[in-house]
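Some notes on the structure that comes next.
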2 protein chains.
Amino acid sequence: MRLSARSEYGLLAMIELAGRIGEGPASAREISEVQAIPPKFLEQLLVTLRKAGLVTAVRGARGGFVLDGAPEDISVLQIIEVLDGPLSPTVCDDERAAACGKSGACAAGTVWNRATRALREVFEETTLADLASEQRRMDSHK
Amino acid sequence: MRLSARSEYGLLAMIELAGRIGEGPASAREISEVQAIPPKFLEQLLVTLRKAGLVTAVRGARGGFVLDGAPEDISVLQIIEVLDGPLSPTVCDDERAAACGKSGACAAGTVWNRATRALREVFEETTLADLASEQRRMDSHK
DNA sequence: GGAATTCTTACTGAAATACTATGATTTCAC
DNA sequence: GTGAAATCATAGTATTTCAGTAAGAATTCC
């Protein structure tokens with residue numbers, strides 16, 4: 001249940017890439033400037049995203065990154081889980097589960113699960129296509 | 001958007017208290033043993049909960065803590081926000097907002113907001129009464 | 001060959017987390 | 001009124017995580 005700067009930056013970068021489809025690869029430096037993200041940090045995130053198959057990298061001069069797949073097919077959840085790990089309740093795992101077992105089951109767990117499910121739903125149903133068009137709308141309205 | 005052990009332990013303790021209404025004060029040590037929570041840590045959490053008005057403390061021997069108010073009136077959200085601070089998007093604040101301002105508004109922000117809202121809903125609509133009865137149900141089903 | 005880029009690995013400073021320690025204060029029971 | 005049991009207050013600490021930096025190797029375009 002932790003959402004760090006990695007997800008935030010990563011999502012910004014992915015939205016940026018989604019808005020540049022058909023324009024050839026965008027370099028990490030370019031993206032970092034437009035989105036105000038620490039360049040070396042972003043570089044790492046992009047490599048992670050590539051290893052997960054969400055972007056394609058073009059090495060060498062004039063290289064950069066391109067979205068891998070259609071924006072409609074990439075959900076925010078995918079990006080988050082690649083960068084911050086699985087979106088689990090953080091709470092109620094490992095030893096805690098054992099403690100729960102001691103006294104049967106814990107009602108607390110049901111809340112954490114509902115919360116996680118709610119988060120997943122939001123992140124799963126939102127795609128880069130949604131966000132890219134939202135971004136265009138925002139940009140055009142001044 | 002961070003849910004730490006404080007919230008987890010605190011919720012467990014509050015559920016425990018909700019299940020003991022009418023039995024007089026429960027000491028921190030007692031609760032810590034039943035729920036397998038580090039005792040001194042729990043002590044601090046309970047003091048915090050008292051300062052927020054969610055529990056009442058009875059000092060001295062035979063003292064302890066009692067739920068302050070009816071379980072139906074205490075939401076999980078209240079507990080979480082007291083112990084872990086406001087449930088805000090973590091992301092997209094401060095300097096980031098300034099960066100957003102630079103290029104207008106950011107579509108990413110809309111996702112974080114939806115996510116936060118979804119979380120709040122779950123936590124807000126779940127009360128200690130719900131969890132206490134859920135717990136009783138779980139305990140009775142062996 | 002040189003410049004621009006990704007890739008890899010390692011490092012680091014700062015903050016947060018999850019406690020622990022100590023002792024003062026209050027109160028009940030006897 | 002003394003001792004035990006409890007809360008309260010404050011400070012300390014070990015570990016981890018976060019966010020970012022650094023340095024250089026590998027790749028590719030021009």
Side-chain angles (χ1 to χ4, degrees), chain A residues 1-13 17 24-33 35-66 68 80 83-85 90-96 99, chain B residues 1-13 17 24-33 35-68 80 83-86 90-96 99:
Chain A
M1 196 78 92
R2 111 169 42 98
L3 281 244
S4 70
R6 297 171 62 83
S7 285
E8 182 184 355
Y9 292 155
L11 180 57
L12 289 173
L17 287 181
S27 74
R29 195 176 51 76
E30 230 178 311
I31 299 173
S32 79
E33 281 168 6
Q35 295 289 342
I37 302 172
K40 295 299 287 182
F41 194 32
L42 176 60
E43 226 180 271
Q44 295 182 334
L45 301 180
L46 286 167
V47 170
T48 303
L49 289 166
R50 172 189 59 79
K51 285 178 180 164
L54 297 186
V55 301
T56 299
V58 181
R59 302 187 63 166
R62 304 283 166 157
F65 298 87
V66 182
D68 191 342
I80 290 176
L83 296 176
D84 272 333
T90 288
V91 277
C92 212
D93 48 358
D94 305 17
E95 315 117 59
R96 187 107 305 262
Chain B
M1 197 80 88
R2 113 171 37 104
L3 281 243
S4 71
R6 297 171 60 83
S7 284
E8 182 184 357
Y9 292 155
L11 181 57
L12 289 173
L17 287 181
S27 74
R29 194 175 51 77
E30 231 177 312
I31 300 173
S32 79
E33 281 169 4
Q35 295 290 342
I37 303 172
K40 295 299 285 180
F41 194 32
L42 176 60
E43 227 180 271
Q44 295 181 335
L45 301 180
L46 285 167
V47 170
T48 303
L49 289 167
R50 173 187 58 82
K51 286 177 180 164
L54 296 187
V55 300
T56 298
V58 180
R59 301 187 64 166
R62 307 280 167 156
F65 298 88
V66 182
L67 220 59
D68 191 342
I80 290 176
L83 295 176
D84 272 333
T90 287
V91 278
C92 212
D93 48 359
D94 304 16
E95 316 117 60
R96 186 107 310 257

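Each chain gets a letter, A, B and so on, in the order its sequence line appears, and its residues count up from 1.
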May I have the distance from [X] (atom [atom1]) to [N] (atom [atom2]), rounded to whole angstrom?
| X | N | atom1 | atom2 | result |
| --- | --- | --- | --- | --- |
| A:Glu33 | C:dA4 | CD | C1' | 14 Å |
| A:Leu46 | C:dC7 | CG | P | 9 Å |
| A:Phe65 | D:dT27 | CZ | C1' | 13 Å |
| A:Ile31 | C:dT5 | CD1 | P | 12 Å |
| B:Leu45 | D:dA9 | CG | P | 15 Å |
| B:Leu42 | C:dA18 | CG | C1' | 13 Å |
| A:Glu30 | C:dA4 | CD | C1' | 12 Å |

Spatial distance of atom [atom1] ([X]) from atom [atom2] ([Y]) [nearest 0.5 Å]:
| X | Y | atom1 | atom2 | result |
| --- | --- | --- | --- | --- |
| A:Phe65 | A:Leu49 | CZ | CG | 9.0 Å |
| B:Ser7 | B:Ile80 | OG | CD1 | 5.0 Å |
| A:Ile37 | A:Ile31 | CD1 | CD1 | 7.5 Å |

N or O in side chain of [X] less than 4.0 angstrom from [N] OP1/OP2:
| X | N | answer |
| --- | --- | --- |
| B:Tyr9 | C:dA18 | no |
| B:Lys51 | D:dA9 | yes |
| A:Ser27 | C:dA4 | no |
| B:Ser4 | C:dA18 | yes |
| A:Arg50 | C:dT8 | yes |

*Heavy-atom closest pair, residues B:Ala28 and B:Leu42*: O-CD2, 3.5 Å

_Minimal non-hydrogen separation, A:Ser4 against A:Asp84, with atom names_ = OG-OD1, 2.6 Å

Which nucleotide in the list [options] gets nearest to the side chain of [X]?
| X | options | result |
| --- | --- | --- |
| B:Lys40 | C:dA21, D:dA19, D:dA22 | C:dA21 |
| B:Ala57 | D:dA6, D:dT21, D:dC8 | D:dC8 |
| A:Arg29 | C:dT20, C:dT6, C:dT5 | C:dT5 |
| B:Phe41 | C:dA18, D:dG20, D:dT7 | C:dA18 |

So, using side-chain hydrogen bond (donor to acceptor under 3.5 Å, both in side chains) as the criterion, who are the partners of [X] when residues are at least two apart?
| X | answer |
| --- | --- |
| A:Lys51 | none |
| B:Thr56 | B:Asp68 |
| A:Arg62 | none |

Which protein N or O atoms sit under 3.5 Å from an N or O of nucleotides 28-30 of chain D?
| unit_1 | atom_1 | unit_2 | atom_2 | d |
| --- | --- | --- | --- | --- |
| D:dT28 | O2 | A:Ala61 | N | 3.2 |

Got a list of protein N/O to nucleotides 11-15 of chain D N/O distances below 3.5 Å?
| unit_1 | atom_1 | unit_2 | atom_2 | d |
| --- | --- | --- | --- | --- |
| D:dA11 | N6 | B:Gln44 | NE2 | 3.2 |

*Hey, which of these two, B:Glu43 or A:Pro39, hits DNA chain D nearer its 5' end, going by closest nucleotide?*
B:Glu43

*Evaluate the side-chain proximity of A:Arg6 to A:Leu45: yes if any heavy-atom separation is below 4.5 Å, no if none is.*
yes

*asked:* Please list all pairs meeting salt bridge (charged side-chain N to carboxylate O under 4.0 Å, His left out) that have one or both residues in residues 36-45 of chain A, counting only residues at least two apart or in different chains.
replied: A:Lys40-A:Glu43

